[in-house]
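Only one structure is covered here, and it is reproduced in the block below.
The chain is numbered in sequence order, starting from 1.
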Amino acid sequence: MGIVACAIRLKAARYAANLMQTELARSLGLKRTTNISNMEKAHTFPNREIMSYFFKEHRIDFNFLMSGHYSQLPGDVQDRLFPALEVANSEWEQTAD
């Protein structure tokens, strides 16, 4: 439920949307990926713009990103998110070692 969990879920959302950080940054109107990288490294929480983007474009809502609640997500979104969540979590665990 903390910042690390948010970072992992954000990265999983990006993976489920099949986006690189640069593509996500471009979609958000950012010139650099620094903000996204900081969110995915748990330096900052996901901001309103990124949560709004994932909801509008990929039907991944803030309830999932911030607290992990997935029951309101459409089934096809869950089908993409859960494998991506496993990958993102595994990557986090490898960097924590």
Side-chain angles (χ1 to χ4, degrees):
M1 191 112 165
I3 194 166
V4 170
C6 286
I8 293 168
R9 288 190 296 267
L10 175 61
K11 194 172 204 179
R14 183 172 61 80
Y15 287 168
N18 200 28
L19 294 169
M20 302 292 292
Q21 281 186 349
T22 54
E23 295 168 318
L24 179 56
R26 192 175 324 113
S27 295
L28 294 168
L30 302 173
K31 294 182 181 179
R32 300 182 330 182
T33 62
T34 305
N35 291 342
I36 296 164
S37 179
N38 283 339
M39 289 180 229
E40 289 184 1
K41 290 180 180 176
H43 296 294
T44 61
F45 279 98
N47 62 30
R48 183 178 45 175
E49 289 78 20
I50 204 162
M51 289 189 286
S52 178
Y53 169 80
F54 275 110
F55 180 69
K56 290 177 183 175
E57 299 298 325
H58 302 284
R59 300 177 299 151
I60 300 170
D61 70 6
F62 74 95
N63 291 306
F64 173 76
L65 292 172
M66 295 306 291
S67 59
H69 296 277
Y70 59 86
S71 61
Q72 297 299 316
L73 296 174
D76 64 310
V77 173
Q78 289 182 32
D79 290 344
R80 289 191 316 272
L81 262 176
F82 292 146
L85 193 55
E86 287 182 28
V87 171
N89 190 54
S90 176
E91 289 176 355
W92 183 269
E93 289 173 353
Q94 288 177 6
T95 60
D97 292 338

Fill in: Contacts of Asn63 that satisfy side-chain contact (heavy atoms from CB on, under 4.5 Å) - sequence neighbours left out
Asp61, His69
If you round to the nearest 0.5 Å, how far is [atom2] of [Y] from [atom1] of [X]?
X: Gln78; Y: Arg80; atom1: CD; atom2: CZ; answer: 11.0 Å
X: Arg59; Y: Leu73; atom1: CZ; atom2: CG; answer: 9.5 Å
X: Asn89; Y: Arg9; atom1: CG; atom2: CZ; answer: 10.5 Å
X: Ile8; Y: Leu65; atom1: CD1; atom2: CG; answer: 13.0 Å
X: Asn35; Y: Leu30; atom1: CG; atom2: CG; answer: 5.5 Å
X: Glu86; Y: Tyr15; atom1: CD; atom2: OH; answer: 13.5 Å

Practice prompt. May I ask you to check whether Phe54 and Phe64 place their ring centers less than 6.0 Å from one another?
Written response: no
When the side chains of residues 22-29 are checked against the rest of the protein, which donor-acceptor pairs come out under 3.5 Å, sequence neighbours left out?
residue	atom	partner	partner atom	Å
Glu23	OE1	Met20	N	2.7
Ser27	OG	Glu23	O	3.0

Worksheet item: Between Ala84 and Ala12, which heavy-atom pair has the shortest distance, and what is it?
Response: CB-O, 3.3 Å
Worksheet item: Around Asp76, counting heavy atoms of other residues, nucleotides and ligands shown, do more than 12 lie under 6.0 Å from its CG?
Response: yes
Could you pull out all donor-acceptor pairs under 3.5 Å where a side-chain atom in residues 38-50 meets a protein atom, sequence neighbours excluded?
residue	atom	partner	partner atom	Å
Asn38	ND2	Thr34	O	3.4
Glu40	OE1	Arg14	NH2	3.0
Glu40	OE1	Gln21	NE2	2.8
Glu40	OE2	Arg14	NE	2.6
Asn47	OD1	Glu49	N	3.2
Asn47	OD1	Ile50	N	2.8

